[in-house]
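Take a look at the following structure, please.
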Amino acid sequence: MDTQDNSSEKNTKPLDFIRQMITEDLASGKHAVPVTRFPPEPNGFLHIGHAKSICLNFGIANEFGGRCHLRFDDTNPSKEESAYVDSIKKDVKWLGFDWGENLFYASDYFDKLYEYALELIKKEKAYICCLNADKMRQYRGTLTEPGRESPHRNRTIEENLRIFQEMKDGVHAEGSHVLRAKIDMASPNLNMRDPILYRIMNVNHHRTGDKWCIYPMYDYTHCLSDSTEEITHSLCTLEFEDHRPLYDWVLDTLETPAHPQQIEFARLNLSYTVMSKRKLMQLVNENHVTGWDDPRMLTISGLRRRGYTPDSIRNFCAEIGVGKRDSWIDMGVLENSVRNDLNTKAPRVMGVLDPLKVVITNYPEDKVEGVEAKTTPKTRIWGPARFPFPEKSILNAVTFWKMHLENSSAWTSVARCG
RNA sequence: UGGGGCGUAGCCAAGCGGUUAAGGCACCGGGUUUUGAUCCCGGCAUUCGGAGGUUCGAUCCCUCCCGCCCCAGCCA
């Protein structure tokens, strides 16, 4: 007969498109295990949107027996602080994830990145440009018009090497020179119009101090950091889709240990709230909230203070799924996840708001009965809470009047003796 | 307007050429309950942005159209 039990299949959550790709890469032998990374910039606190990425990256590593690195993307010292590094580590741990030995910083690779830049110059794939920001914008063209080549595009290798060295030595002023990749000023993808690789910044870095006065840009740093760590799948949000050709260009042009695959997914949007770091930062700086961990903010630390559990956040992330559509999740879904989780974990107690003392005249004096109550919904745990029912009792005043008005027969004597 | 993406219910989201188009949130009933909670039962897309085409058969393949998002930082 039809005794086939497919209930277990029904309960299996279908794999999202990223996990499907990874499953295929493992099956084909492309990779033995997946290696992912969560790459926050230490310029603010983590929020619920980051939780989605954390759960994705660490979740994949856990599920497929791989590993996930925690790597701080600290290439812009003017915005970054070690205090943020600490808060980020704390939040990732609190969410229940462990990077083990795999804690890295893009700044760990500054020396190596510099060597790679030299390689690019020697291959005539990068050059020093002296156009100022304004001029560079003009040369870049627009969405519909191609850009024009920089007048410095064809310097000799020697000259490029010399000036790059001078930039590193602090000879030049901020904004006076940059190192650019030599790609294609006519590309319809603006990211490929000779993007900047290095800029001069006379700023102290939270880890390297004053060792450097030139800092690498995100596009150049991220792919090489991924490659260096031999990441297999580099997961990022949709807005970086246009950057993938550059990610691939750098790794294809240079001799690198690995060529990770960048895969983009939609960032989390929640209705009725703000999530961008810029806006959260503004709320903090302008004192509209008490700090990054204000319970009204959807930062991880705010949610923690609010009473959210790590499980509730992880369940939420699993629930919403991973896709490529820009979507707005109802706040109710997040709230539902805590409710569900707390219903199985948090014992309940009874309190009376707006108390009203009543004397029950048709009830034996000195007698105290009690009824046991289920303290944890969704479980069969009863007690230890007992609701006492003595002669002198306390009722919620509103309930009392409601009963009185409704002339509820069960309580008329109470009402009369009130 | 050039390029890159995305369109399945109010909000998410499965679906991968033949399914009664999963599931969750929300919502609407009904039941249990000394918690307006929890729990249980039921309802909620004749249709997949639109129009053509291929096919015995299309949410799924092709073409065109429409809509939405992202890109012109020396941010990430």
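The sequence lines fix the lettering, A, B, ..., with proteins before strands; numbering per chain opens at 1.
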**OP:** Rounded off to whole Å, could you give me the CZ-to-P distance for the R140(A) and A72(B) pair?
**Re:**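 Answer to the nearest Å: 8 Å.
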**OP:** Answer yes or no: is there an ion pair linking D311(A) with K345(A), defined by an N-O contact shorter than 4.0 Å?
**Re:**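 Yes, charged N to carboxylate O under 4.0 Å.
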Original post:
Expressed in angstrom and rounded to an integer, what is the separation of R267(A) atom CZ from A76(B) atom C1'?
Top reply: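 Distance check: R267(A) CZ to A76(B) C1' gives 10 Å.
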**OP:** State, without any angle test, whether H259(A) and D248(A) hold a side-chain donor-acceptor pair at a distance under 3.5 Å.
**Re:**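 The criterion, which ignores hydrogens and geometry beyond distance, is satisfied for D248(A) and H259(A).
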Original post:
For S337(A), which contact category applies under a 4.0 Å heavy-atom criterion: base, sugar-phosphate, or nothing?
Top reply: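 Counting heavy atoms under 4.0 Å across all strands, no contact is made by S337(A).
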**OP:** Would you mind pulling out the nucleotide paired to A22(B), Watson-Crick or G-U wobble, both distances under 3.5 Å?
**Re:**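 Result: none.
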**OP:** Just call it for N132(A): base, sugar-phosphate, or nothing, with non-hydrogen atoms closer than 4.0 Å on any strand.
**Re:**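 It contacts base atoms.
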**OP:** Please determine, for the side chain of R199(A), which listed nucleotide (C25(B), A72(B), C74(B)) has the closest atom?
**Re:**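 Given the options C25(B), A72(B), C74(B), the side chain of R199(A) is closest to C74(B).
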Subject >> Side chain D242(A) and base G3(B) donor-acceptor under 3.5 Å >> reply: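 Indeed there is one.
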**OP:** For D219(A) and for T142(A), locate the closest nucleotide of RNA chain B by heavy-atom distance; then report the residue assigned to the nucleotide nearer the 5' terminus.
**Re:**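 First, find each residue's nearest nucleotide; the 5'-ward one identifies T142(A).
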Subject >> Anti/syn call for G73(B), syn if |chi| within 90° >> reply: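 Classified syn.
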Subject >> Nucleotide nearest L238(A) when distance is taken to its side chain, options C71(B), G5(B), C75(B) >> reply: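 Closest nucleotide to the L238(A) side chain: G5(B).
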Original post:
Does R267(A) CZ have over 12 foreign heavy atoms under 6.0 Å away?
Top reply: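 Not more than 12 within 6.0 Å, no.
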Original post:
Expressed as a whole number of Å, how far does the P atom of C6(B) sit from that of G73(B)?
Top reply: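 The same atom, P, in both gives a distance of 25 Å.
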Original post:
Can a salt bridge be assigned to the pair R71(A) and E229(A) using a cut-off of 4.0 Å between side-chain N and carboxylate O?
Top reply: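 Salt bridge present between R71(A) and E229(A).
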Subject >> Any side-chain donor near an acceptor of the partner, S53(A) and N57(A), under 3.5 Å >> reply: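 Their side chains do contain a donor-acceptor pair, which is all the 3.5 Å distance test asks for.
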Subject >> Atom pair distance, as rounded to whole Å: CD in Q262(A) and C1' in G4(B) >> reply: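 About 12 Å, once rounded to whole Å.
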**OP:** Identify which nucleotide among C75(B), G24(B), A76(B) has an atom closest to any side-chain atom of V333(A), counting heavy atoms from C-beta outward.
**Re:**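 The listed nucleotide nearest to V333(A)'s side chain is G24(B).
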Subject >> Euclidean distance for C1', U8(B) against G23(B) (whole angstrom) >> reply: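 Approximately 14 Å lies between the C1' atom of U8(B) and that of G23(B).
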Original post:
Quantified in whole Å, what is the P atom distance between nucleotide G17(B) and nucleotide A58(B)?
Top reply: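 My reading of the P atoms in G17(B) and A58(B) gives 14 Å.
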**OP:** Could you check whether L131(A) gets within reach of a base, just the sugar-phosphate, or nothing at all, counting any heavy atom under 4.0 Å?
**Re:**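 Contact class for L131(A): base.
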Original post:
Which value, in whole Å, describes the distance between the P atoms of nucleotides G24(B) and A72(B)?
Top reply: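 So the two P atoms sit 41 Å from each other.
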Original post:
In B/S/- notation, 5' to 3', how is nucleotides 12-17 of chain B contacted by protein heavy atoms closer than 4.0 Å?
Top reply: SSSSB-
Original post:
For E264(A) and A76(B), what is the distance between atoms CD and P respectively, to the nearest whole Å?
Top reply: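 Distance, rounded to whole Å: 18 Å.
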Subject >> Rounded distance in Å between the P positions of G15(B) and C44(B) >> reply: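 To the nearest whole Å, 24 Å.
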**OP:** Pick the P atom in U54(B) and in C60(B), then give their distance to the nearest Å.
**Re:**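 Nearest-Å result for U54(B) against C60(B) at atom P: 15 Å.
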Original post:
If you measure from the Lys or Arg side-chain nitrogens to the Asp or Glu carboxylate oxygens, is any gap between R153(A) and D194(A) under 4.0 Å?
Top reply: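 Between D194(A) and R153(A) there is a salt bridge, with a charged N closer than 4.0 Å to a carboxylate O.
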**OP:** Spell out, as yes or no, whether a donor-acceptor pair under 3.5 Å connects the side chain of D108(A) to the backbone of F104(A).
**Re:**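 Pair absent, no side-chain N/O of D108(A) close to backbone of F104(A).
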Subject >> Sugar-phosphate, base or nothing in reach of F240(A), heavy atoms under 4.0 Å >> reply: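 Contact class for F240(A): base.
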Original post:
Rounded to the nearest Å, what distance is computed from the CG atom of residue N191(A) to the P atom of nucleotide C74(B)?
Top reply: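 So the two atoms are 11 Å apart, to the nearest Å.
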Original post:
Is A51(B) paired to anything, Watson-Crick or G-U wobble with both distances less than 3.5 Å, and if yes, which nucleotide?
Top reply: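 Checking every strand shown, A51(B) finds its partner in U63(B), with both distances under 3.5 Å.
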Original post:
Starting at the 5' end of RNA chain B and moving along, which residue's nearest nucleotide shows up first, P188(A) or H177(A)?
Top reply: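 The residue closer to the strand's 5' end, by nearest nucleotide, is P188(A).
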Subject >> Separation of G3(B) C1' from E145(A) CD (nearest whole Å) >> reply: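 Distance, rounded to whole Å: 15 Å.
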Original post:
Nearest to the side chain of T144(A), which nucleotide is it out of G73(B), G4(B), G2(B)?
Top reply: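 When the side chain of T144(A) is considered, G2(B) is the closest of G73(B), G4(B), G2(B).
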**OP:** Under a 3.5 Å limit for both distances, which nucleotide forms a Watson-Crick or G-U wobble pair with C39(B), could you say?
**Re:**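 Per the H-bond distance test, G31(B).
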Original post:
Between C16(B) and U55(B), how far is it from one P atom to the other, in whole Å?
Top reply: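 Approximately 23 Å lies between the P atom of C16(B) and that of U55(B).
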Subject >> Whole-Å P distance, U59(B) and A9(B) >> reply: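 The same atom, P, in both gives a distance of 15 Å.
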Subject >> H152(A) NE2 - C74(B) P separation (whole Å) >> reply: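 So the NE2-P distance, H152(A) to C74(B), works out to 16 Å.
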Original post:
Hey, is the side chain of R339(A) poking within less than 4.0 Å of OP1 or OP2 on A26(B), counting only N and O atoms?
Top reply: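 The answer is yes; a side-chain N or O of R339(A) sits under 4.0 Å from OP1 or OP2.
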Subject >> Check: S78(A)/N76(A) side-chain N/O donor and acceptor closer than 3.5 Å >> reply: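 Yes.
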**OP:** Return the value, rounded to whole Å, for the distance between atom NE2 of H222(A) and atom C1' of C75(B).
**Re:**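 Between C1' of C75(B) and NE2 of H222(A): 14 Å.
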Subject >> Polar side chain donor-acceptor pair, T309(A) to S312(A), under 3.5 angstrom >> reply: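 Checked: T309(A)/S312(A) side chains pair up, N/O donor to acceptor below 3.5 Å.
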Original post:
Just by distance, do the side chain of H205(A) and the backbone of R207(A) share a donor-acceptor pair under 3.5 Å?
Top reply: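 Answer holds: yes.
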